Peer 1: 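Questions regarding the structure given below will be posed in turn.
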Amino acid sequence: MINPASTSCAWCEPHGTSVGWGANSSGANRLPLAHPFHLHDRQTVFTSCELGVFDELQKAERPLSAEEISQKVGASVDGTQRLLAACAGLQLLNTRKRGGKVFYSNTEQASEFLTHSSPQSLCQSIDYSSKTIYVCWQYLTDAVRSGRNQYEKAFGVSSADLFEAVYRSDEEMEKFMQLMNSIWNICGRDVVTIFNLSPFKVICDLGGCSGALASQCTSVYPECTVTIFDLPKVVRMSQRRFVCKANRRIRFCEGNFFNDSLPEAELYILARILHDWADERCIELLCKIYQACKPGGAVLVVEALLSEDGTGPLTAQLYSLNMLVQTEGRERTAAQYAALLETAGFVNIKHRLTGKIYDAVMGHKEG
């Protein structure tokens, strides 16, 4: 079954899973998207979401036949029958036979995660994975050979400025922001509660994107304010599409965290930021944060941590491959992040594991 509470998130990406279904999440019936070689399984889910199969079943509020669903999604009856059978085999759909016909309905997990109307929907993330991440992964062999990301081969754009490539159009930027929004809506509370952040009243979320993690912070810690620092076009999109205007404890600051001054804060959050960059650029950014941070303040690094011997977890290992095809960075161990933080001047560095995909490392600035 789909179980984001006990596994990881961002399951639609080729390097990890947040939701597993089947008899148990560690056995043979684990979520098919948990493993990169299960391309057919993944594409079945991608296609079903793109056609709106789960949406139509949700709206119908009753089981539907393949013929009915094919009409609603504008597809052939034969193709729809095969797709629905595969979804049932993946335990995404319930089936019931009546009068010699098979009727389909969403499982509870499909309704929660695979319909656009659900607050926990991963549909936008699935779309981004299908049309962006997987396109880059077609060039994994080239990435391994060259040691470089594959935006130029995949999309014909230069990655000299990494996020100009990632945000190469408003549509692509919004899809990426939807991906981040889905991740932190599901996983955000875990990472902002793994350490007690209540002593920090002034927080800055660097590269805060859609504001979903900032929203989790203000929900858990009602006395804090959070400033989302991101590129101007990201801030505008976040204000327009994602962050509730009624939340007056979330503020915005436009800028490039490598080139522009950072807002002063007691706590800086770097969630899925450092894994985008090589060590030298990470140290550059952490040094800037150290200078801007108030005495006694801290930095919280949120990433998928590799084990110290590099033998796992599999999700983090696959994430690191994804960083190769899409970014300039990599996934790291807690010790490697600690070394980066120490180089920038932070002390009393600790890490904690959530037991899910994203963990946290915290370093402090002496008071």
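Note that the structure is predicted; figures quoted are calculated from it, not measured.
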Peer 1: Hey, is Arg82 close enough to Asp78 for a salt bridge, meaning N to O under 4.0 Å?
Peer 2: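 Salt bridge between Arg82 and Asp78, a charged N being under 4.0 Å from a carboxylate O: yes.
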Peer 1: OG1/Thr193 to CZ/Arg352 distance, rounded to the nearest 0.5 angstrom?
Peer 2: 10.5 Å
Peer 1: Donor-acceptor pair, distance only, cut-off 3.5 Å: does the side chain of Asp127 make one with the backbone of Cys123?
Peer 2: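 Between the backbone of Cys123 and the side chain of Asp127 there is no qualifying donor-acceptor contact (under 3.5 Å).
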Peer 1: Is the positively charged end of Lys288 above the ring of Phe258, judged by distance under 6.0 angstrom from the centroid and angle within 45° of the axis?
Peer 2: no
Peer 1: Tell me whether Arg241 is salt-bridged to Glu174, with the criterion being a basic N under 4.0 Å from an acidic carboxylate O.
Peer 2: yes
Peer 1: Check salt bridge (Lys or Arg N to Asp or Glu O under 4.0 Å) between Glu164 and all other residues, then give those that pass, not counting sequence neighbours.
Peer 2: Lys233
Peer 1: Please answer whether the main-chain N or O of Cys209 pairs with a side-chain N or O of Ser238 as donor and acceptor at a distance below 3.5 Å.
Peer 2: yes
Peer 1: Quick one: does Arg189's side chain have a donor or acceptor within less than 3.5 Å of a partner on Gln216's backbone?
Peer 2: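 Such a contact is absent between Arg189 side chain and Gln216 backbone.
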Peer 1: Give, for atom NZ of Lys131 and atom CD of Glu50, the distance between the pair rounded to the nearest 0.5 Å.
Peer 2: 4.0 Å
Peer 1: Any ion pair linking Lys101 and Glu68 (charged N to carboxylate O, less than 4.0 Å)?
Peer 2: no
Peer 1: Hey, does the side chain of Ser307 reach the backbone of Thr311 with a donor-acceptor pair shorter than 3.5 angstrom?
Peer 2: yes
Peer 1: Which heavy atom of Ala292 sits nearest to which heavy atom of Pro263, and what is that distance?
Peer 2: CB-O, 4.3 Å
Peer 1: Using atom types as modelled and distance alone, determine if a side-chain donor or acceptor of Ser320 lies under 3.5 Å from a backbone N or O of Glu331.
Peer 2: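 Here the side-chain-to-backbone pair exists.
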Peer 1: Quick one: are Phe46 and Gln43 in side-chain contact, heavy atoms under 4.5 Å?
Peer 2: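 Yes, close enough: below the 4.5 Å cut-off.
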Peer 1: Donor-acceptor pair, distance only, cut-off 3.5 Å: does the side chain of His351 make one with the backbone of Ala334?
Peer 2: no
Peer 1: Between Phe54 and Cys87, which heavy-atom pair has the shortest distance, and what is it?
Peer 2: CZ-SG, 4.1 Å
Peer 1: Any ion pair linking Asp279 and Arg332 (charged N to carboxylate O, less than 4.0 Å)?
Peer 2: yes
Peer 1: For Phe163 and Val234, what are the C-alpha separation, side-chain angles and deciding distance, and is it a side-chain contact (heavy atoms from CB on, under 4.5 Å)?
Peer 2: CA-CA 11 Å; Phe163 276 85; Val234 176; over 6 Å; no
Peer 1: Do Glu171 and Lys175 meet the salt-bridge criterion of a basic N to acidic O distance under 4.0 Å?
Peer 2: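 Judged by the 4.0 Å cut-off on N to carboxylate O distance, Lys175 and Glu171 do form a salt bridge.
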Peer 1: Are Cys187 and Thr354 close enough that some pair of their side-chain heavy atoms sits under 4.5 Å apart?
Peer 2: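 When only atoms from C-beta onward are counted, Thr354 and Cys187 do not touch, as no gap falls below 4.5 Å.
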Peer 1: I'd like to know if the side chain of Lys72 and the backbone of Glu56 have a donor-acceptor N/O pair within less than 3.5 Å.
Peer 2: no
Peer 1: Supply the atom-to-atom distance Cys49 SG to Ile126 CD1, rounded to the nearest 0.5 angstrom.
Peer 2: 3.5 Å
Peer 1: Determine, step by step, whether Thr218 and Asn247 satisfy the side-chain hydrogen bond (donor to acceptor under 3.5 Å, both in side chains) criterion, reporting the C-alpha distance in whole Å, the side-chain angles of both residues, the deciding distance to 0.1 Å, and the verdict.
Peer 2: CA-CA 9 Å; Thr218 58; Asn247 192 339; 3.1 Å; yes
Peer 1: Nearest 0.5 angstrom please: Met177 CE to Tyr167 OH, how far?
Peer 2: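 It comes to 6.5 Å.
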Peer 1: State, yes or no, whether a side-chain contact exists between Leu197 and Met362 at a heavy-atom distance under 4.5 Å.
Peer 2: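 Counting from C-beta outward, Leu197 and Met362 do come under 4.5 Å.
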Peer 1: Can you list the steps and then say if Gln58 with Ser111 is a side-chain hydrogen bond (donor to acceptor under 3.5 Å, both in side chains)?
Peer 2: CA-CA 7 Å; Gln58 190 78 357; Ser111 292; 2.7 Å; yes
Peer 1: Given the rule in the side-chain contact (heavy atoms from CB on, under 4.5 Å) test, do Val166 and Tyr151 qualify, once you have shown the distances and angles that lead to the verdict?
Peer 2: CA-CA 8 Å; Val166 175; Tyr151 277 102; 3.4 Å; yes
Peer 1: Please confirm whether Arg42 makes a cation-pi placement over Tyr134, using NZ or CZ under 6.0 Å from the six-membered ring centre and within 45° of the ring normal.
Peer 2: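 No, cation not above the ring by the 6.0 Å, 45° rule.
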Peer 1: Which distance, rounded to the nearest 0.5 Å, do you find between the CD1 of Ile349 and the CG of Leu341?
Peer 2: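 Between atom CD1 of Ile349 and atom CG of Leu341 there are 4.5 Å.
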Peer 1: When you measure from the side chain of Gln317 to the backbone of Gly310, do you find a donor-acceptor pair of N or O atoms at a distance under 3.5 Å?
Peer 2: yes
Peer 1: Would Thr333 and Leu305 count as a side-chain contact (heavy atoms from CB on, under 4.5 Å) if you check the C-alpha gap in whole Å, the side-chain angles of each, and the deciding distance to 0.1 Å?
Peer 2: CA-CA 5 Å; Thr333 67; Leu305 295 180; over 6 Å; no
Peer 1: Does Asp260, at its CG atom, have more than 12 non-hydrogen atoms belonging to other residues, nucleotides or ligands within less than 6.0 Å?
Peer 2: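 Correct, the count exceeds 12.
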Peer 1: Both conditions, 6.0 Å and 45 degrees, for the charged tip of Arg272 above the ring of Tyr358: are they met here?
Peer 2: no
Peer 1: Does Gln150 use its side chain to pair, donor to acceptor, with the backbone of Arg148 at less than 3.5 Å?
Peer 2: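 Judged by distance alone, yes, a pair lies under 3.5 Å.
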Peer 1: Is it true that Thr132 and Glu172 share a donor-acceptor pair across their side chains at a distance under 3.5 Å?
Peer 2: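 There is such a pair (donor and acceptor under 3.5 Å, judged by atom type) between the side chains of Glu172 and Thr132.
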Peer 1: Measure the spacing between CD1 of Ile69 and OG1 of Thr80 and express it to the nearest 0.5 Å.
Peer 2: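 Nearest 0.5 Å value for the CD1-OG1 distance: 7.5 Å.
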Peer 1: What's the shortest heavy-atom distance between Tyr104 and Leu57, and which atoms?
Peer 2: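 Tyr104 and Leu57 have their closest heavy atoms at O-CD2, 3.2 Å.
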Peer 1: Where the side chain of Asn149 meets the backbone of Leu324, is there a donor-acceptor pair that is under 3.5 Å apart?
Peer 2: no
Peer 1: Knowing that exactly one of Val73, Thr115, Leu114 qualifies, which makes a side-chain contact (heavy atoms from CB on, under 4.5 Å) with Asp55?
Peer 2: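 It is Thr115, the one option of Val73, Thr115, Leu114 that forms the side-chain contact (heavy atoms from CB on, under 4.5 Å) with Asp55.
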Peer 1: Hey, does Asp359 have a side-chain heavy atom less than 4.5 Å from the side chain of Tyr337?
Peer 2: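 In short, these two side chains do not touch, never coming nearer than 4.5 Å.
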